[in-house]
Asks: 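Just passing along the structure, written as structure tokens.
Atoms considered below: every heavy atom in the structure, side chains included; atoms not considered: hydrogens, waters and symmetry mates. Note that the structure is a prediction, hence the values are computed from the model and not measured.
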Amino acid sequence: QVQVVESGGGSVQAGRSLQLSCKASGIPFETYAMAWFRQAPGKEREGVAAISTRGGTISYADSVKGRFTISRDNAKNMVYLQMDSLNPDDTAKYYCAAGRVTWGYLSAPHYNIWGQGTQVTVSS
């Protein structure tokens, strides 16, 4: 079964950290770019971070640069999002996505496999 499953969301206070994890199955993981998107209520889905198949290309949204770190472990079919210095504006549902992407890594239409999402809530 082709799927990606997120975990690691939760509620934290501003300034704290969280790590999200995403497990992929049913795909040749090392041939897929991976990304994290988020969507807050009333807002459009936003590309947060993306990583190419072997990690040679990494992209971040300006809003998270210097605070979030994306990484992947191809041996485990896992991708991670380390989120530091969280603030209330980071509150959203975070989605893991996989796609055969070679450019426009933060563009949602480039990804065809999506998880159900995990909620991150940051209180001030």
Asks: Going by the rule side-chain hydrogen bond (donor to acceptor under 3.5 Å, both in side chains), which residues pair with Arg72 if we only count those two or more places apart in sequence or in a different chain?
Replies: Asn74
Asks: What I'd like to find out is whether the side chain of Met78 reaches to under 4.5 Å of the side chain of Ser21, using heavy atoms alone.
Replies: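 The answer is yes, as the side chains (C-beta and beyond) meet within the 4.5 Å cut-off.
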Asks: I'd like to check the salt bridge (Lys or Arg N to Asp or Glu O under 4.0 Å) partners of Lys43; sequence neighbours left out, ordered by chain and number.
Replies: none
Asks: Consider only side-chain heavy atoms of I, L, V, M, F, W and Y, link residues closer than 4.5 Å, and tell whether Leu81 and Trp114 are in one cluster.
Replies: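 They do not share one cluster, since no chain of ILVMFWY contacts under 4.5 Å joins Leu81 to Trp114.
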Asks: Applying side-chain hydrogen bond (donor to acceptor under 3.5 Å, both in side chains), can you list everything that pairs with Glu30, at least two apart in sequence or on another chain?
Replies: none
Asks: Taking all atoms of both residues into account, what is the closest heavy-atom pair of Ala98 and Ile27, and its distance?
Replies: CB-CD1, 4.2 Å
Asks: Excluding sequence neighbours, so at least two apart, what forms salt bridge (Lys or Arg N to Asp or Glu O under 4.0 Å) with Arg45?
Replies: none
Asks: Please find the pair of heavy atoms, one from Lys93 and one from Gln116, that lie closest to each other, and give the distance.
Replies: CE-O, 3.2 Å
Asks: Going through the distances and angles, do Met83 and Val48 end up as a side chain to side chain contact (heavy atoms under 4.5 Å, CB included)?
Replies: CA-CA 11 Å; Met83 305 185 294; Val48 174; over 6 Å; no
Asks: Would you check if Leu20 and Glu6 make a side-chain contact, meaning some heavy-atom pair closer than 4.5 Å?
Replies: no
Asks: Return the orientation label for the Tyr94 and Phe68 ring planes: parallel under 30°, perpendicular over 60°, tilted otherwise.
Replies: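 Rings of Tyr94 and Phe68: tilted, 30 to 60°.
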Asks: Please examine the side chains of Tyr80 and Cys22, heavy atoms only from C-beta on, and report whether any two atoms are closer than 4.5 Å.
Replies: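 When only atoms from C-beta onward are counted, Tyr80 and Cys22 do not touch, as no gap falls below 4.5 Å.
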Asks: Side chains of Ser25 and Gln1: closer than 4.5 Å at any heavy-atom pair?
Replies: no
Asks: If you define the side chain from C-beta out and look only at heavy atoms, does anything of Val79 sit under 4.5 Å from Cys96?
Replies: yes
Asks: If every non-hydrogen atom of Ala40 is compared with every non-hydrogen atom of Ala92, which pair is closest and at what distance?
Replies: N-CB, 3.8 Å
Asks: Arg38 and side chain to side chain donor-acceptor pair (under 3.5 Å): which single residue from Thr118, Asp90, Thr91 fits?
Replies: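 Among Thr118, Asp90, Thr91, the one meeting side chain to side chain donor-acceptor pair (under 3.5 Å) with Arg38 is Asp90.
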Asks: Within a reach of under 6.0 Å around CD of Gln119, are more than 12 heavy atoms found that belong to other residues, nucleotides or ligands?
Replies: yes
Asks: Looking only at heavy atoms, what is the nearest atom pair of Ser52 and Gly56, with distance?
Replies: OG-N, 3.1 Å
Asks: According to a 4.5 Å side-chain heavy-atom criterion applied to Ile, Leu, Val, Met, Phe, Trp and Tyr, with indirect links allowed, do Ile51 and Trp103 form part of one hydrophobic cluster?
Replies: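 In one cluster with Ile51: Trp103, no.
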Asks: Any side-chain heavy atom of Tyr105 within less than 4.5 Å of one from His110?
Replies: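 In short, these two side chains do not touch, never coming nearer than 4.5 Å.
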Asks: With sequence neighbours excluded, give me every salt bridge (Lys or Arg N to Asp or Glu O under 4.0 Å) pair touching residues 9-21.
Replies: none
Asks: Do Ile113 and Gln3 have side chains that get closer than 4.5 Å, going by heavy atoms?
Replies: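 Contact flag for Ile113/Gln3 side chains = no.
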Asks: Would you please name every residue forming a ring pair (Phe, Tyr, Trp, His ring centres under 6.0 Å) with Tyr111, sequence neighbours left out?
Replies: Phe37
Asks: Please say yes or no: joined through hydrophobic side-chain contacts below 4.5 Å, possibly via intermediate residues, are Ile70 and Val101 part of one cluster?
Replies: no
Asks: Please find the pair of heavy atoms, one from Val4 and one from Ala24, that lie closest to each other, and give the distance.
Replies: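 Val4 and Ala24 have their closest heavy atoms at CG1-CB, 3.8 Å.
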Asks: According to a hydrophobic-cluster definition based on side-chain heavy atoms being under 4.5 Å apart (Ile, Leu, Val, Met, Phe, Trp, Tyr only), do Val122 and Trp36 belong together?
Replies: yes
Asks: What distance separates Phe29 CZ from Asp73 CG, expressed to the nearest 0.5 Å?
Replies: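 The distance works out to 8.0 Å.
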Asks: Going by heavy atoms in the side chains, are Tyr60 and Arg67 under 4.5 Å from each other?
Replies: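 The answer is no, as the side chains (C-beta and beyond) never meet within the 4.5 Å cut-off.
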Asks: Following the transitive rule for hydrophobic clusters with a side-chain heavy-atom cut-off under 4.5 Å over Ile, Leu, Val, Met, Phe, Trp and Tyr, establish whether Leu18 and Val64 coincide in one cluster.
Replies: yes
Asks: Looking at every heavy atom in both Asn87 and Ala14, which two are closest together, and how far apart are they?
Replies: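 Where Asn87 meets Ala14 most closely, the heavy atoms are CA-CB, 4.5 Å.
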